[in-house]
Amino acid sequence: QVQLVESGGGLAQAGGSLRLSCAASGRIFSRYAMGWFRQAPGKEREFVATISWNGGRTYYPDSVKGRFTISRDNAKNTVYLQMNSLKSDDTAVYYCAADRSPFRFTLPSLTSTDAYWGQGTQVTVSS
């Protein structure tokens, strides 16, 4: 079975940086798009970033573009989210997601059942 384990969350000051990691296991990692979502209290889950199976394509919403960078190391079965210039609005639980189907790049539009999810890691940005 597929398992996703996030790490790297915590407390940061506004303007600071954090790096999240997501270690995957249970299938051939390099065949699947990966991504990050977040959910703040009282708000719906929000797409944050996605990367294609080979790392050649990435996509971000305007809210994080230019501040966040997603990357992956297929040799280590790990995807990363580098978060710079953090704002208080970035405070949320961040979830790693893995597409259930190989070789597609549609993670932002997938429903919950179309992906595997990690348990989440809390990111808190103090102003």
inquiry  = Between Tyr60 (side chain only) and Ile70 (backbone N and O only), is there a donor and an acceptor less than 3.5 Å apart?
reply    = yes

message = Please check: side-chain N/O of Thr50 versus main-chain N/O of Met34, any donor-acceptor pairing under 3.5 Å?
response = yes

Minimum heavy-atom separation for [X] and [Y], please, with both atom names.
{"X": "Gly9", "Y": "Val123", "answer": "CA-CG2, 4.2 Å"}
{"X": "Gly120", "Y": "Val93", "answer": "CA-CG1, 3.8 Å"}
{"X": "Gln119", "Y": "Leu4", "answer": "OE1-O, 3.4 Å"}
{"X": "Val79", "Y": "Trp36", "answer": "O-CZ2, 3.9 Å"}
{"X": "Ser112", "Y": "Trp117", "answer": "O-NE1, 2.9 Å"}
{"X": "Ala12", "Y": "Leu86", "answer": "CB-CD1, 3.8 Å"}

Is there a side-chain contact between [X] and [Y] in this structure, where contact means two heavy atoms from C-beta onward sitting under 4.5 Å apart?
{"X": "Arg38", "Y": "Val64", "answer": "yes"}
{"X": "Phe37", "Y": "Leu107", "answer": "yes"}
{"X": "Leu18", "Y": "Asp90", "answer": "no"}

query = Same cluster or not: are Val125 and Tyr94 linked, directly or through other Ile, Leu, Val, Met, Phe, Trp or Tyr residues, by side-chain heavy atoms under 4.5 angstrom apart?
reply = yes

inquiry  = Please determine whether the number of non-hydrogen atoms from other residues, nucleotides or ligands lying under 6.0 Å from atom CD of Glu46 exceeds 12.
reply    = yes

query = Using the ring of each side chain (for Trp, its six-membered ring), is Trp53 parallel, tilted or perpendicular to Phe103, with breaks at 30° and 60°?
reply = perpendicular

ask   = Does Arg27 make a cation-pi contact with Tyr32, if we ask for NZ or CZ under 6.0 Å from the ring centre and within 45° of the axis?
value = yes

key: Ring-face cation contact, Tyr116 with Arg100, 6.0 Å cut, 45° max   = yes

task = Evaluate the side chain to side chain contact (heavy atoms under 4.5 Å, CB included) criterion for residues Leu20 and Glu6: first the C-alpha distance (whole Å), next the side-chain angles of each, then the deciding distance (0.1 Å), finally the verdict.
result = CA-CA 7 Å; Leu20 306 183; Glu6 302 104 331; over 6 Å; no

inquiry  = Thr106 vs Asp99, test: side chain to side chain contact (heavy atoms under 4.5 Å, CB included). Steps then yes/no.
reply    = CA-CA 8 Å; Thr106 57; Asp99 199 333; 4.2 Å; yes

